[in-house]
Amino acid sequence: MNADPHFRRVALIGFGLIGGSIARAAKLQGLASEIVTTARSEKTRARVAELGIVDQVVVTNAEAVKDADLVILCIPVGACGPVAEEIAAHLKPGAIVSDVGSVKGAVVRDMAPHLPKSAHFVPAHPVAGTEHSGPDSGFAELFINRWCILTPPEGTDAAATEHLRAFWAAMGAKVEVMTPDHHDLVLAITSHLPHLIAYTIVGTADELAQVTESEVIKFSAGGFRDFTRIAASDPTMWRDVFLANKEAVLEMLGTFTEDLSKLTRAIRRGDGEALFDHFTRTRAIRRGIVEIGQDSAAPDFGRQHGALKKP
Ligand code: NAP
């Protein structure tokens with residue numbers, strides 16, 4: 001099915017990294033005749049108005065969704081239930097309601113009971129982001145060549161799913177449909193656990209008494225700084241992710257702990273062969289990621305190195 005990606009009126013509730021990127025990409029690609037936005041704070045709403053990307057900035061969520069054909073909640077996962085309850089009575093019949101939350105099971109559980117039968121609920125997760133947040137952090141190219149996972153509950157109108165698929169594809173995303181539970185399991189290992197490890201390791205280094213803070217920062221290029229980028233991600237968002245995807249994260253954490261014990265044992269026993277085999281396997285995974293275009297092949301993430309001066 002090749003649906004038209006265009007919507008007449010799109011409402012974005014929340015204008016941070018993701019909401020702001022959708023607004024910029026949708027404007028650039030002409031995917032909406034009108035984009036109306038709201039955010040929780042007056043400060044953000046004022047900034048969005050100043051940026052001049054969207055057509056209208058309104059104060060309440062109810063005003064935002066009025067007459068909208070597509071409503072996307074671009075807010076922390078934990079806020080989705082209460083906002084769904086708030087907008088339910090103001091939705092236009094036939095409107096598509098979606099979100100961008102990094103966890104899907106909890107979002108479906110929290111939002112679905114509030115939404116009227118006349119609305120089409122198609123939850124989504126663009127697997128794209130940076131460690132920045134707020135209205136200035138978004139950019140139109142964020143979703144290019146990144147996955148966007150749709151998790152429509154059983155019985156969702158197929159045409160609504162296809163319309164949203166076309167919208168995301170027109171912003172450059174590769175779209176896949178799966179169940180919320182499967183999404184949460186996959187993302188637990190590919191995104192949630194790496195974030196937990198980064199948060200842990202950066203916290204541990206900070207607490208180490210024998211390494212002064214300045215040395216941690218000074219020698220960070222040894223690998224630590226790549227963890228610090230992930231560990232700088234938004235605290236509200238990530239608190240909500242771990243609370244909402246508790247079961248899958250705990251399951252993956254169990255497997256991770258077992259594997260960590262195996263590597264610990266190999267180091268303790270001086271088992272170089274086990275370490276070498278393991279690191280060879282992980283190196284192949286990195287190469288696979290580069291090969292399918294999910295990251296650049298440039299060494300050291302393409303960071304610039306200074307030039308040597310001629311003596
Ligand atoms: P963000 O930059 O921090 O923006 C969040 C927006 O939500 C802001 O406009 C904020 O309004 C609003 N908001 C916060 N709490 C709210 C509440 N309780 N009720 C109503 N609005 C509220 O966040 P983001 O990175 O765009 O993340 C938004 C969603 O995208 C999250 O669900 C996250 O899981 C998902 N996501 C994030 C990434 C990523 O890498 N960041 C990637 C994929 C998906 P104020 O500014 O007025 O406070």
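Counting starts at 1 for both ligands and their atoms, in listed order. In this chain, numbering begins with 1 at the start of the sequence shown.
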Q.
Looking at Gln294 and Asn145, would you say the former's side chain and the latter's main chain have a donor-acceptor pair under 3.5 Å?
A. yes
Q.
Run the side-chain hydrogen bond (donor to acceptor under 3.5 Å, both in side chains) test on Glu63 and Thr60 for me, step by step, so that the C-alpha distance in whole Å, both residues' side-chain angles and the decisive distance to 0.1 Å come before the verdict.
A. CA-CA 5 Å; Glu63 272 175 89; Thr60 67; 3.0 Å; yes
Q) Relative to ligand 1, is Met237 under 4.0 angstrom through side chain, backbone, both or neither, heavy atoms considered? A) side chain
Q: Identify, by atom number and element, the atoms of ligand 1 in contact range of Ser133, meaning under 4.0 Å from any of its heavy atoms.
A: 1 (P), 2 (O), 3 (O)
Q. Should you measure from each heavy atom of Gly129, which atoms of ligand 1 turn up under 4.0 Å away?
A. 40 (O)
(Q) Centroid separation under 6.0 Å, is that true for the rings of His195 and Phe242? (A) no
Q | Gap separating the NZ atom of Lys174 from the CZ atom of Arg165, nearest 0.5 angstrom | A | 13.5 Å
**Q.** CZ/Phe139: more than 12 non-hydrogen atoms of other groups inside 6.0 Å
**A.** yes
Q. Heavy atom under 4.0 Å from ligand 1: found in Ile13's side chain, backbone, both, or neither?
A. neither
Q: If you have a sec, work out which protein heavy atom is nearest atom 48 (O) of ligand 1 and how many Å separate them, to one decimal?
A: Arg40 NH2, 2.9 Å
Q. How close does the nearest protein non-hydrogen atom get to atom 43 (C) of ligand 1, and which residue and atom is it?
A. Pro126 O, 3.1 Å
Q. With a cut-off of 4.0 Å, which atoms of ligand 1 are near a heavy atom of Ala79?
A. 17 (C), 18 (N), 19 (N)
Q. Nearest protein heavy-atom contact for atom 36 (N) of ligand 1: which residue, which atom, what distance?
A. Ser102 OG, 3.4 Å
(Q) Closer than 3.5 angstrom, by distance alone: can the side chain of Asp234 be matched with the main-chain N or O of Met237 as a donor-acceptor pair? (A) yes
**Q.** Ser137 near ligand 1 by a heavy-atom separation under 4.0 Å
**A.** no
Q | Shortest protein heavy-atom distance from atom 4 (O) of ligand 1, along with the residue and atom involved | A | Gly16 CA, 3.3 Å
Q | Sidechain N-carboxylate O distance under 4.0 Å for Arg265, Asp271 | A | no
**Q.** Residue portion contacting ligand 1 (non-hydrogen atoms closer than 4.0 Å) for Ala128
**A.** backbone
Q. When you measure from atom 31 (C) of ligand 1 to each heavy atom in Val127, Val100, Ile75, which option holds the nearest one?
A. Ile75
Q) Identify the closest protein heavy atom to atom 26 (O) of ligand 1: which residue and atom is it, and at what distance? A) Ile18 N, 2.9 Å
Q: Among all protein heavy atoms, pick out the one at the shortest distance from atom 45 (P) of ligand 1; state its residue, atom name and that distance to 0.1 Å.
A: Thr44 OG1, 3.4 Å
Q. Given Met171 and Leu28, is the side-chain contact (heavy atoms from CB on, under 4.5 Å) satisfied, shown in steps?
A. CA-CA 9 Å; Met171 292 192 289; Leu28 208 67; over 6 Å; no
**Q.** Contact check, Asn61 vs ligand 1, heavy-atom distance below 4.0 Å
**A.** no
Q | Distance (rounded to the nearest 0.5 Å) between Glu162 CD and Asp157 CG | A | 10.0 Å
Q) Is a donor on one side and an acceptor on the other found under 3.5 Å between the side chain of Asn245 and the backbone of Asp184? A) yes
**Q.** Shortest protein heavy-atom distance from atom 8 (C) of ligand 1, along with the residue and atom involved
**A.** Phe15 N, 4.0 Å
Q: Would you mind listing which atoms of ligand 1 come within a distance below 4.0 Å of any non-hydrogen atom of His125?
A: 43 (C), 44 (C)
Q. Is any N or O atom of Val241, backbone or side chain, closer than 3.5 Å to an N or O atom of ligand 1?
A. no
Q.
Suppose we call two aromatic rings close when their centres sit under 6.0 Å apart. Are Phe224 and Phe219 close by that rule?
A. no
Q) atom 13 (N) of ligand 1: which of Gly14, Pro76, Cys80, Pro82 has the nearest heavy atom? A) Pro76
Q) Relative to the ring of His192, is the ring of Trp238 parallel (under 30°), tilted (30 to 60°) or perpendicular (over 60°)? A) perpendicular
Q) Does atom CD of Glu273 have more than 12 heavy-atom neighbours from other groups under 6.0 Å away? A) no
**Q.** Atoms in ligand 1 with a heavy atom of Cys74 nearer than 4.0 Å
**A.** 5 (C), 6 (C), 7 (O), 28 (C)
(Q) Can you report which non-hydrogen protein atom sits closest to atom 25 (O) of ligand 1, along with the distance? (A) Leu17 CB, 3.7 Å
Q. What do you think, any protein heavy atom under 4.0 angstrom from atom 10 (C) of ligand 1?
A. no
